[in-house]
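Every heavy atom of this structure was used, including side-chain atoms; hydrogens, water molecules and symmetry mates were not. As the structure is a computational prediction, the values presented were derived from the model and not from experiment.
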Amino acid sequence: MGHDRADCDELGLTRELTARLESRSSTATLLGVLNNRSRPLRLTTRTLIVLLVVSNVLGHFSLSRGLHEVGPLVSFAPWPFIHAFLNPLVAAGVALLMVWLISQLSLLSRVDLSYVLPVTSISYVLTALMGKFLLHEPVSTERWTGIGLVVLGVSLVARTVPRTAPVLSRSRNLP
Amino acid sequence: MKWLLIALIVIPGTVADLLNTMGMKRNGEVCDFRPSSIFPLIASLARNPYVAVGLPLMAVSFFALMTLLSVANLSVAVPATAFSYVLETVLAKYILKEYIGWQRWVGASLVGCGVLLVAI
């Protein structure tokens, strides 16, 4: 990571590709490429997706575990919340969810919302699998079907060009 | 009460995602993730008007979900969040001007159905 510009320009990549295609082929082909072509995804973008999914799954997991240990929080006084933060699982959960938030916003600065939402929903699958293999919760046929549908949906969306949205205005890293 | 909470989950959550995306696209692609650059990044996000409205709305949606889960079971809450995958794809097309081909339509619908089945 760092300031390597070549590793930081999802829109530039999309533009370059479309310009190259526009110069020599029909709109139909262009749309075909925007629609369906395995495209190189920038390394940092891929890292952000992994970081987002892992921090989301582990963050919610440790937060709910921790809050379960602490007990119900029904108070308007700050003390029970401060007390809850002293629980290491709660503190770890909150820290992980902050990582999640930063990576979600960084990802949205680089690729489309309609790409980020479906692709990161793979975290539902990870949560279900973690329940099965770590907590030995049973997974019903419905849940396996759901896991299959999510994986299918994610693999369809992941094949599209990650960024098609135009630059809205001021943009530090683009020409 | 139940429908009010569902509205408080879906509407602020959707608006928050749209605002955060607009704000972050205006911010420019974030590419420096060294620890020393994280705080300047947070400071610039706090000054970004879209993100400054989007994040509190995200919190409203989150606390409404927590409240709904404490008064109703998961089978009430999840269809609303699953539906928002398709809703947000539609809004991304018309408001954010993203190009949504058939893969994204079908993919978002499959993910919505899958999330529904996984969570129930």
Side-chain angles (χ1 to χ4, degrees), chain A residues 1-5 7-11 31 34-36 44 47-48 101-102 104-110 112-119 121 124-125 127-128 142-143 145-161 163-174, chain B residues 17-18 20-34 37-38 41-42 44-45 48 50-51 54-55 58 62 66 70 78 81-82 84-86 88-93 95-120:
Chain A
M1 299 202 231
H3 329 273
D4 186 4
R5 199 180 140 129
D7 189 38
C8 189
D9 199 355
E10 289 291 346
L11 185 66
L31 291 183
L34 273 178
N35 210 356
N36 174 18
T44 313
T47 313
L48 279 172
L101 191 63
I102 296 288
Q104 160 98 337
L105 290 174
S106 308
L107 201 54
L108 285 176
S109 78
R110 303 163 71 99
D112 290 349
L113 177 65
S114 58
Y115 183 90
V116 171
L117 284 181
V119 166
S121 70
Y124 283 97
V125 173
T127 306
E142 286 86 359
R143 288 192 95 187
T145 315
I147 289 173
L149 288 179
V150 171
V151 170
L152 202 63
V154 169
S155 54
L156 267 179
V157 176
R159 292 171 64 206
T160 61
V161 175
R163 177 157 184 182
T164 63
V167 187
L168 293 169
S169 70
R170 179 175 72 85
S171 187
R172 278 200 309 260
N173 307 305
L174 295 169
Chain B
D17 277 339
L18 292 174
N20 285 342
T21 309
M22 288 174 172
M24 292 313 293
K25 288 288 182 323
R26 277 179 164 74
N27 179 74
E29 297 188 18
V30 177
C31 25
D32 192 354
F33 295 97
R34 289 171 304 173
S37 336
I38 296 297
L41 174 65
I42 293 173
S44 80
L45 295 185
N48 186 319
Y50 294 87
V51 177
L55 290 186
M58 214 173 183
F62 178 76
M66 291 292 119
S70 69
V78 171
T81 47
S84 68
Y85 280 99
V86 180
E88 292 195 27
T89 305
V90 173
L91 294 175
K93 178 178 166 67
I95 296 178
L96 303 173
K97 313 288 180 207
E98 293 176 2
Y99 176 78
I100 320 275
W102 71 269
Q103 266 107 341
R104 285 202 189 168
W105 288 123
V106 176
S109 313
L110 285 176
V111 165
C113 297
V115 167
L116 206 61
L117 284 172
V118 170
I120 279 174

Value for OG (A/S109) from CG (B/L45), rounded to nearest 0.5 Å, stands at 9.0 Å
Rounded to the nearest 0.5 angstrom, the OH-CG distance for A/Y124 and B/L116 is 10.5 Å
What one should report as the nearest heavy-atom pair of A/V157 and B/R104 is CG2-CA, 4.1 Å
Review point. Is any side-chain heavy atom of B/L55 less than 4.5 Å from a side-chain heavy atom of A/L101?
Key: yes
Interatomic distance, CZ@A/R110 vs CG@B/N27, rounded to 0.5 Å, equals 12.0 Å
Between B/Y99 and A/T164, the two heavy atoms sitting closest are N-OG1, 2.7 Å
Most heavy-atom pairs under 4.5 Å with chain B, out of A/G153, A/A128, A/S121, A/S155, belong to A/G153
Heavy-atom closest pair (A/L149 atom, B/C113 atom, distance to 0.1 Å) is CD1-CB, 4.0 Å
Okay, B/L91 and chain A: the region with an atom under 4.5 Å from a heavy atom over there is neither
Cut-off 4.5 Å, heavy atoms of chain B, and the answer for A/L107 is neither
Evaluation steps, side-chain contact (heavy atoms from CB on, under 4.5 Å), between B/K25 and A/R163: CA-CA 11 Å; B/K25 288 288 182 323; A/R163 177 157 184 182; 3.3 Å; yes
Note to self: Assess, by modelled atom type and distance only, whether the side chains of B/E98 and A/S114 contain a donor and an acceptor separated by less than 3.5 Å.
What the structure shows: yes
Between the NZ atom in B/K93 and the CG atom in A/D112, the distance rounded to the nearest 0.5 Å is 12.0 Å
Original post:
Hey, are the side chains of A/V150 and B/V115 touching, using non-hydrogen atoms and a 4.5 Å cut-off?
Top reply: yes
Taking every heavy atom of A/L156 against every heavy atom of B/G107, the minimum-distance pair comes out as CD1-N, 4.0 Å
Chain A shares the most heavy-atom pairs under 4.5 Å, among B/N20, B/D17, B/V111, with B/V111
Taken to the nearest 0.5 Å, the spacing of A/I102 CD1 from B/I42 CD1 works out to 4.0 Å
In short, A/G146 meets B/V118 closest at the heavy-atom pair C-CG2, 3.5 Å
When rounded to the nearest 0.5 Å, the distance separating CD of B/Q103 from OG1 of A/T160 is 7.0 Å
